[in-house]
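Notes follow once the structure below has been shown.
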Amino acid sequence: MRLTICNDYQDMSQKAAAEFIELLKEKPDCTLGLATGSSPIGLYQNLIKAVQDGAVSFAKVKTYNLDEYVGLTADHDQSYAYFMRQNLFDHVDIPAGNTDIPSGSAPDTAAECRRYTAALAAIPGGQDIQLIGIGNNGHIGFNEPDVALSADTHEVTLSPSTIEANARFFASVAEVPKSAVTMGMRGILAAKKIVLVATGSGKAAILKQALYGPITTQVPASLLQLHPNVVIFADRDAAAEL
Ligand code: F6R
């Protein structure tokens, strides 16, 4: 585990983006696992700039996202498909067919989960980098704290704390979807390298538990301790308890 404490959000975004830029230069046909939420937006802005400057290209890159809300179509402005177009895909040269996000509006969610699990399993050697954030409750993807975690892509009931945390993006808490489709723990841990970005004092306590506490399904991010190549970029506020 490699921990880099960054001055602020901007510094964290730049340093985390450098991991991706280095990979894109070395392996232009890499496979990336991507995340949504507030934490990676600055990182994506740095990647967009690197493409616009001609330093890297996404022309041969394939991407897979962690998760999607159930019940939102890809054109809903709070869907993660929409988020990815707004914050990255529409601004880089990635072919539309090279991005995969589990659908939250498939007629058969279980079948969609099976499709996504198979797509992830078919990545030779796993994602080159899987980007993740960490929920206030220790979730990664939408693998919520529970007595057991699932290995494969599955539909998960969002915990009250996640619904509350994500209500900031919706008109009211009632509009936050109650469930999501998420990559399971195997899908995440299969990556060759995992880059975790954490920002803000709200993440300080859970980041400490995840990195240095007991490995427990009640803190899904604690399972990262079992992965051989995790790189963490935390700003000073998020790293305050480390
Ligand atoms: C997003 C995801 C979530 C977020 C987490 C942190 O695709 O899977 O696990 O990474 O909820 O969200 P932010 O970055 O908004 O604090």
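Ligands are counted one by one from 1 in listed order, and the atoms in each one are counted from 1 as well.
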Are any of the N/O atoms in D67 less than 3.5 Å from those in ligand 1?
yes
Geometry only, no angles: is Y80 polar-contacting ligand 1 at N/O separations under 3.5 Å?
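For ligand 1, there is no N or O atom that lies under 3.5 Å from one belonging to Y80.
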Looking only at protein heavy atoms, identify the closest one to [atom] and say how far it is in Å.
atom: atom 5 (C) of ligand 1; result: H139 NE2, 3.4 Å
atom: atom 16 (O) of ligand 1; result: K203 NZ, 2.6 Å
atom: atom 15 (O) of ligand 1; result: S38 N, 2.8 Å
atom: atom 6 (C) of ligand 1; result: I134 O, 3.4 Å

Give the single entry among [options] that approaches [atom] most closely by any heavy atom.
atom: atom 9 (O) of ligand 1; options: G135, G141, G133; value: G141
atom: atom 1 (C) of ligand 1; options: T36, L34, L131; value: T36
atom: atom 14 (O) of ligand 1; options: A35, A165, S39, G37; value: S39

Could you check whether D108 pairs with R115 (Lys NZ or Arg NE/NH1/NH2 to Asp/Glu carboxylate O, under 4.0 Å)?
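The answer is no: the pair does not qualify as a salt bridge.
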Side chains of S13 and N46: is there a donor and an acceptor less than 3.5 Å apart?
no
Can you confirm whether the side chains of S103 and E112 place a donor and an acceptor under 3.5 Å from each other?
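Absent: no donor and acceptor within the cut-off.
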Validation row, ring centre Y69 to ring centre F169 under 6.0 Å
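Y69 vs F169: aromatic centres not under 6.0 Å.
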Please check: side-chain N/O of D11 versus main-chain N/O of D8, any donor-acceptor pairing under 3.5 Å?
no
So, N137 side chain and H139 main chain: donor-acceptor pair closer than 3.5 Å or not?
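Yes: the side chain of N137 pairs with the backbone of H139.
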Take the angle between the ring planes of F83 and Y44 and call it parallel below 30°, perpendicular above 60°, tilted in between.
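It falls in the perpendicular class, over 60°.
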May I ask whether I132 has any heavy atom positioned less than 4.0 angstrom from an atom of ligand 1?
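Distance cut 4.0 Å: I132 fails for ligand 1.
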